[in-house]
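Notes to accompany the following structure.
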Amino acid sequence: MSIDRKKLILEAATKSFSLFGYKATTMEQVAKIANVGKGTIYTFYANKEQLFKEIVLRMIEEMKYEAEQSIKPNLTFYENLHSALYRILEFRKEHQLSLKLFQEEKEMGTPAVLQMLNELEIEIISYIKGKIKIAIEKKDISPCNPEITAFIMLKIYLALIFDWERNHKPLEKEEIAELFQLYLFNGLAVTPDSPYYLQINDQMN
């Protein structure tokens, strides 16, 4: 019975945070949605902050699961990383709670929400960092600082998916993949083995 009540409370709190945001959600409201007494909630959670944190951590685990599902063993490190990152940011755009939290942070700057969003970013960077470490060990990519590289990769994706769309037509998934490969894996320099160099060479011959 206790497990069932805890599940009801988590579902009710997720619904309330998703609809009304962190600041507007109260323990009384959660209790009403869950159809339990307010005191029942306090048998599991000391306060709203603790309840909120567990829900966000569950969302993060769900996001990681979605990312892992996009990875295929027959694809290259670059292709899998692109798929995982794209799915993570798709999840962020689709998940109702995530959307509400970003809206509240932007409009109200609620400290508790800002802290959770920072933790969300740290978890995403940590996830990418783990994939980079494995790729370095397998010699799929050159040695680098995994954490800095993960940070740069995430920021590039955020810029291409969110920032670019503010004033431009949204990029297709394939376009983002091509740009990601260009900036992070191929580089902009024209070298003898780059497609642009080969194209120019063919034209001259």
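Computed from a predicted model, the values in this text were never measured in an experiment.
Taking 4.5 Å as the limit, every side-chain heavy atom of Thr43 sits out of range of all side-chain heavy atoms of Lys6. Lys7 has its side chain within reach of Glu11: a pair of non-hydrogen atoms, C-beta onward, lies under 4.5 Å apart. Here the side chains of Leu120 and Leu117 are in contact, with some heavy-atom distance below 4.5 Å. Side-chain atoms of Asn118 and Glu121, non-hydrogen and from C-beta on, never get closer than 4.5 Å to each other. In this structure, Ile88 and Leu154 have side chains that are not in contact, with every pair of non-hydrogen atoms separated by 4.5 Å or more. Side-chain contact between Leu8 and Ile33 is absent, with no heavy-atom pair separated by less than 4.5 Å. Phe20 places none of its side-chain heavy atoms less than 4.5 Å from the side chain of Glu104. A heavy-atom distance below 4.5 Å is found between the side chains of Met153 and Ile132.
Of the possible polar contacts, one joining the Gln50 side chain to the Ala46 backbone as a donor-acceptor pair under 3.5 Å is found. One N or O on the side chain of Thr14 and one on the backbone of Leu10 form a donor-acceptor pair closer than 3.5 Å.
Environment of NZ in Lys64: crowded, with over 12 heavy atoms of neighbouring residues, nucleotides or ligands closer than 6.0 Å. By the 6.0 Å contact criterion, CD on Glu49 is enclosed, its count of non-hydrogen atoms from other residues, nucleotides or ligands being greater than 12. The neighbour count for Lys53 NZ, taken as heavy atoms of other residues, nucleotides or ligands under 6.0 Å away, does not exceed 12.
Checked for salt-bridge contact, Arg92 and Glu66 miss the test: no charged N lies under 4.0 Å from a carboxylate O. Remark: Glu79 does not engage Lys72 in a salt bridge, criterion side-chain N to carboxylate O under 4.0 Å. With respect to the salt-bridge test (charged N to carboxylate O, under 4.0 angstrom), the residues Arg87 and Glu94 qualify.
Cation-pi geometry between Lys93 and Phe162 is met: the NZ or CZ atom falls under 6.0 Å from the ring centre, inside 45° of the normal. Both cation-pi conditions hold for Lys48 and Tyr22: the charged atom is under 6.0 angstrom from the six-membered ring centre and inside a 45 degree cone around its axis.
With rounding to the nearest 0.5 angstrom, the CD1 atom of Ile124 is 12.5 Å from the CZ atom of Phe151. For the atom pair OH of Tyr157 and OH of Tyr86, the computed distance is 8.5 Å after rounding to the nearest 0.5 Å. Separation of atoms CD1 (Ile55) and OH (Tyr45) is listed at 7.0 Å; rounding is to 0.5 Å. To the nearest 0.5 Å, atoms CD1 (Ile141) and CD1 (Ile136) are separated by 4.5 Å.
Heavy-atom minimum distance, Leu160 versus Ile176: CD1-CG2, 4.2 Å. When all heavy atoms are compared, the tightest approach of Val56 to Leu101 is CG2-CD1, 4.3 Å. Smallest separation of non-hydrogen atoms from Ala13 and Leu51: CB-CD2, 3.6 Å.
Classification of the Tyr78-His82 ring pair by plane angle, with boundaries at 30° and 60°, yields parallel. Ring pair His95/Phe91 is tilted by interplanar angle, where 30° to 60° counts as tilted.
Side-chain contact, Ser16 with Thr25: a donor N or O sits under 3.5 Å from an acceptor N or O.
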